[in-house]
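To keep things clear, I will list the structure first and then write my remarks on it.
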There are 2 protein chains.
Amino acid sequence: MATGEKSQHSVATAFGNALRAVRGRVGLTQEALALEADFDRTYISLLERGQRQPTLQTIFELAAHLGVSPEELISLTRSYLPVNGSTG
Amino acid sequence: MATGEKSQHSVATAFGNALRAVRGRVGLTQEALALEADFDRTYISLLERGQRQPTLQTIFELAAHLGVSPEELISLTRSYLPVNGSTG
DNA sequence: TAGGTTCGCAGACTATAGTCCGTAGATCAA
DNA sequence: TTGATCTACGGACTATAGTCTGCGAACCTA
């Protein structure tokens, strides 16, 4: 997308919150999730802190290994968005 | 994720199908969608042909400008997946 | 103290998302 | 034909997703 548009990365932040919440619920450590879903340990950390934007494939992988549907992950992400229903 | 795991990029392909379907339903050209959602014209083409993997932010942007929820876009994407309910 | 576990974080890297510019094929209307 | 519209597609680029290594803080237990 064009340069300098988004406030920051509120979508990434919201996703991070959602990911952390689900991971906690399931009872996995960042490292355990990373191992299972075949990601780097630090990448899960980056995601949860909203410092990385997952791709579609990544979303599907994470959701699968957390035992939730991608839609659920997205829906939870939206619930964490400052302005609900939009991009943020 | 680790190297050489996924069959190809069936998730991207499925998303491309979903995107094209919704865009057609809404009656937008690739270029019109690109302009509205602030993406490059050719990028929409790449997405629809499954040659690019959208990020979370991109998914939210596209959904918003197509008048559907991100969950709907994901759900439709899953319906296009070869093996439904998994990563593919 | 000491050792295990979980996580934050930084720097440097490779892979890929997303842009920009141009060309060409297909379709439709005049 | 010509011209307009829509899309596929190429190369080359910049921005960022995702990896790897390693250190340190916080917390627990002994």
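A note on names: the letters A, B, ... follow the listed sequences, proteins ahead of strands, and every chain is numbered from 1.
- To the nearest 0.5 Å, the span separating CG on A:Leu66 from CG on A:Leu28 amounts to 6.5 Å.
- Only at 4.0 angstrom or more do the heavy atoms of residues 14-25 of chain B sit from any atom of DNA chain C, so none qualifies.
- The side-chain hydrogen bond (donor to acceptor under 3.5 Å, both in side chains) test applied to B:Thr13 returns no partner, not counting sequence neighbours.
- Here the straight-line distance linking atom CG of A:Leu46 with atom CD of A:Gln53 works out to 12.5 Å at 0.5 Å rounding.
- The interatomic distance linking B:Arg52 (CZ) with D:dA15 (P) rounds to 16 Å, in whole Å.
- Each of A:Thr29 and B:Pro54 was matched to the nucleotide of DNA chain C holding its nearest heavy atom; the match closer to the 5' end belongs to A:Thr29.
- Within the structure, side chain to side chain donor-acceptor pair (under 3.5 Å) contacts touching residues 14-28 of chain A (residues at least two apart or in different chains) are A:Arg20-A:Glu48, A:Arg23-A:Glu48.
- Spacing between atom CD of B:Gln30 and atom P of D:dC9 amounts to 11 Å, rounded to whole angstrom units.
- Residue A:Gln51 has no polar side-chain atom (N or O) positioned under 4.0 Å from OP1 or OP2 of D:dA17.
- Take B:Thr42 and apply the side-chain contact (heavy atoms from CB on, under 4.5 Å) test, not counting sequence neighbours, and it matches B:Asp40.
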Per-nucleotide protein contact along nucleotides 20-27 of chain D, 5' to 3', at a 4.0 Å heavy-atom cut-off (B base, S sugar-phosphate only, - neither), is BBB-----
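- A:Leu81 approaches A:Ala14 most closely through the heavy-atom pair CD2-CB, 3.7 Å.
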Tell me, with the steps shown, if B:Leu19 and B:Leu33 meet side-chain contact (heavy atoms from CB on, under 4.5 Å). CA-CA 11 Å; B:Leu19 176 58; B:Leu33 175 57; 4.1 Å; yes
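- The side-chain hydrogen bond (donor to acceptor under 3.5 Å, both in side chains) test applied to A:Gln51 returns A:Arg49, not counting sequence neighbours.
- Put simply, CD on A:Gln53 is 10 Å from C1' on D:dT16, counting in whole angstrom units.
- Proximity of B:Gln57 to the phosphate of D:dT16: no side-chain N or O atom is located under 4.0 Å from OP1 or OP2.
- Nearest heavy atom pair, residue A:Ala12 against residue A:Arg52, reads CB-O, 3.8 Å.
- The side-chain contact (heavy atoms from CB on, under 4.5 Å) search around B:Ala63 returns B:Val68, B:Pro70, B:Leu73, not counting sequence neighbours.
- Here the P atom of nucleotide C:dG8 and the CG atom of A:Leu47 are 11 Å apart, to the nearest Å.
- Between B:Glu31 atom CD and C:dC21 atom C1' there is a gap of 13 Å when expressed in whole angstrom units.
- Rounded to a whole Å, the CZ atom of A:Phe39 is 12 Å from the C1' atom of D:dT19.
- Partners of A:Glu31 under the side-chain hydrogen bond (donor to acceptor under 3.5 Å, both in side chains) rule, at least two apart in sequence or in another chain, do not exist in this structure.
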Going 5' to 3' along nucleotides 24-30 of chain C, which nucleotides have protein heavy atoms under 4.0 Å from the base (write B), which only from the sugar-phosphate (write S), and which from neither (write -)? -------
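- Spacing between atom CG of B:Leu33 and atom P of D:dC6 amounts to 13 Å, rounded to whole angstrom units.
- The CZ atom of B:Phe15 sits 9.5 Å away from the CG atom of B:Leu76 when rounded to the nearest 0.5 Å.
- By the side-chain contact (heavy atoms from CB on, under 4.5 Å) test, A:Ser69 pairs with A:Glu71, A:Glu72, B:Arg78, sequence neighbours left out.
- In this structure, B:Leu35 CG and B:His65 NE2 are separated by 11.0 Å, a value rounded to the nearest 0.5 Å.
- An OP1 or OP2 oxygen of D:dA8 is reached within less than 4.0 angstrom by a side-chain nitrogen or oxygen of B:Ser45.
- For the segment residues 69-76 of chain A, the set of residues with a heavy atom within less than 4.0 Å of an atom of DNA chain D is empty.
- In this structure, B:Leu56 atom CG and D:dT16 atom P are separated by 15 Å, rounded to whole Å.
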